[in-house]
There are 2 protein chains.
Amino acid sequence: MTDTAPRPTLEAVAARAGVSRATVSRVVNGGDGVREPLVERVRRAVEELGYVPNQAARSLVTRRHDAVAVVIAEPEARVFADPFFALQLRGISKELTAHDNQLVLLLTEGRDDHARVARYLAGGHVDGALVFSLHLDDPLPGLIQGAGVPTVFGGRPGWSDGRAADTGPTVYVDSDNRGGARDAVRHLASLGRTRIAHITGPLDQTSAADRLDGYRDVMGDTDPELVAESDFTPAGGERAMRDLLDRRPALDALFAANDLTAAGALRVLRERGLRVPEDVAVVGFDDMLPVAEQTDPPLTTVRQDIEEMGRLMARLLLRRLDRPGTGQGATDEDGPGGTPTAPDDPDDAGAGVVLPTTLVRRASA
Amino acid sequence: MTDTAPRPTLEAVAARAGVSRATVSRVVNGGDGVREPLVERVRRAVEELGYVPNQAARSLVTRRHDAVAVVIAEPEARVFADPFFALQLRGISKELTAHDNQLVLLLTEGRDDHARVARYLAGGHVDGALVFSLHLDDPLPGLIQGAGVPTVFGGRPGWSDGRAADTGPTVYVDSDNRGGARDAVRHLASLGRTRIAHITGPLDQTSAADRLDGYRDVMGDTDPELVAESDFTPAGGERAMRDLLDRRPALDALFAANDLTAAGALRVLRERGLRVPEDVAVVGFDDMLPVAEQTDPPLTTVRQDIEEMGRLMARLLLRRLDRPGTGQGATDEDGPGGTPTAPDDPDDAGAGVVLPTTLVRRASA
DNA sequence: ATGAAAGCGCTAACAG
DNA sequence: CTGTTAGCGCTTTCAT
């Protein structure tokens, strides 16, 4: 019937309520400084007409969009094989929603998309960006910082600090990969294990590199043959486990860089007739429920609160948006020295915020 | 240094190129009907100034946003435990990106969010919506259709057709759950199995109901005790398998409504000393790689192309947006009878498009 | 083929 | 406190 539904404008509401557009605008935006009876009348008119503000018109003048981009730079399908981003997104979404901000999702598949994303961000469509970039050599983060949009990173970016010079501090949220790894290895050691092997993730990702560092913190320089590099996948885990077993048949424990890898390793262990945890104790990382709880035996692992990471990223960004000047390009002197990180107060807007991890004990170690 | 980076406007480009704003606008939007030398000059000016159109201003006049909302209505955390939505999103994202559309993600957590989403959609922020609603009694789809935004649903909506009357046909994309289920059960039967059990998903979801129907298509009215209702989770699968085994110890095959459920069932089977596939052959549904390939034994299952579903949803929506009138509220007579569904041409914009499934044989059956 | 001018719907000074 | 008045940056008739 109604082919074009001509949405009512401020003007229409004003006419109906017998006031000026400005007054309606005031009421719609909180209604401060408008006398009660008028507020009431305007409210009613809005109600009756089913008025909804035109966001485009508003943005045009306010230069705010109440929208935040979430950029996930990951050419590999593998990312989608685990619920990591889904959980993170959920945390982000909750926080943004609570502050009436929209979430614009930008997924990239390889280099071709970089320019597109950079253009979009530079185009001022969103007030800020939350970006996930896993690899050390990813050019995207650089492009994004160049776009002049306030940004918070998910995971510690891998670049050296030099480049951050003229774009302000690089704000990121990460979990305590290194500390978590230490806990895992210490736990294994406390079980009396001494020949503790480690299967790493792709070492061009800071999370994997940090976990390896944690392992080394505890193990010192013991036998390098106990470390095998892998790729966070189950198949990679199988391969690495086989190598490890061939090289060091007497190993009595394994710390795998993530749960998927651990699952693969577990299969090889069983196939070789090794019992877990009796012969080889195994600890994973992530506490990815569908994996960790379903392995045989269920996996002891290091949990990170992924959803909370997302939440925190959003919170940090929104805070920066609220007080401009902390944004991009601002000369941001914060006194002598400065306080880059304050792990104790996750809400502190320091350069990096690191969330704690916890060891979850199940049957594998 | 540059505190406020005053983005160049059309005006600025026009001045630089020595033409009018109108001409710049034409060039920026394709440049038809502008003589080559001018086009060139404008292009250069755009380049030099780093001009990027202000989308808000543009939307204000065109009433297009080149943005599509993706609404995922799912209060349960479980959804995020599997990569289903991630894959779907990926497909959607690819398609939208290819057509220069943005993806606005709207995640809802329970009823409180419904009003928010409805308001957002009604607010005309996006040109269309892609919505996933799993449960029969979900009020959201209704609200959304009411909002007058062109919409395509992911998965066959569960409501009775009556309500679609005044909002035009309900367009959706689904995979052939029923046909896939039939294939699964037939495969089991072809293996010589006769006492084939079925663990269902939550029957208030059309996907689960359709799979049960497919099972019944093949099994007829045999022993209802061979069917156990469950919830798509591994734990639910365990529980259901135990029940089944208690009731019908002699069952020789299982068709599980999804891979997660099958994984749980597999564990119970092993725990009871039953060999798979020798004693009990098992088939799942989804072909969720991280699960299906990691079970012991690897799972024979029904694959659905999830990413393609997402792609197709986006394609269908964009097509509707391109030719208005096929949108909401349009009197959409398509001759006598009409052709609601044409499964053979997935790109046909019929009311429902159903994608085929394929059986993937692994070791479990 | 190009330019001039009129708005799209809203907010934000500024008056009163 | 409320109304008036300028635009925000862009597209789009309508002249030329």
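Letters go in sequence order (proteins before strands), and every chain restarts at 1.
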Practice task
Fit a plane to each ring of A:F132 and A:F85, take the angle between them on a 0 to 90° scale, and name the class: parallel (under 30°), tilted (30 to 60°) or perpendicular (over 60°).
Solution key: perpendicular

Sub-3.5 Å donor-acceptor pair from the side chain of [X] to the main-chain atoms of [Y], do we have one?
{"X": "B:S59", "Y": "A:A56", "answer": "no"}
{"X": "B:T151", "Y": "B:V149", "answer": "yes"}
{"X": "A:N54", "Y": "A:A57", "answer": "yes"}
{"X": "B:H99", "Y": "B:E95", "answer": "yes"}

Problem - Phosphate OP1/OP2 of D:dT2: any A:S20 side-chain N/O under 4.0 Å - result: no

Exercise for the section: For nucleotides 7-16 of chain D, just jot down a letter per nucleotide in 5' to 3' order: B, S or -, based on protein non-hydrogen atoms under 4.0 Å. Expected result: -BBBBBB---

Practice task
May I ask you to decide whether B:D322 forms a salt bridge with B:R319, counting only side-chain N to carboxylate O separations under 4.0 Å?
Solution key: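 Judged by the 4.0 Å cut-off on N to carboxylate O distance, B:D322 and B:R319 do not form a salt bridge.
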
Practice task
Decide, yes or no, whether a salt bridge links A:R315 with A:E308 under the criterion of side-chain N to carboxylate O below 4.0 Å.
Solution key: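 Yes.
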
Handout entry: Candidates B:V126, B:L317, B:L103 - the one meeting side chain to side chain contact (heavy atoms under 4.5 Å, CB included) with B:V68
Key = B:L317

Handout entry: Range on DNA chain C touched by chain B - first to last nucleotide, heavy-atom distance under 4.0 Å
Key =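 Range of nucleotides within reach of chain B: C:dA1 to C:dG9.
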
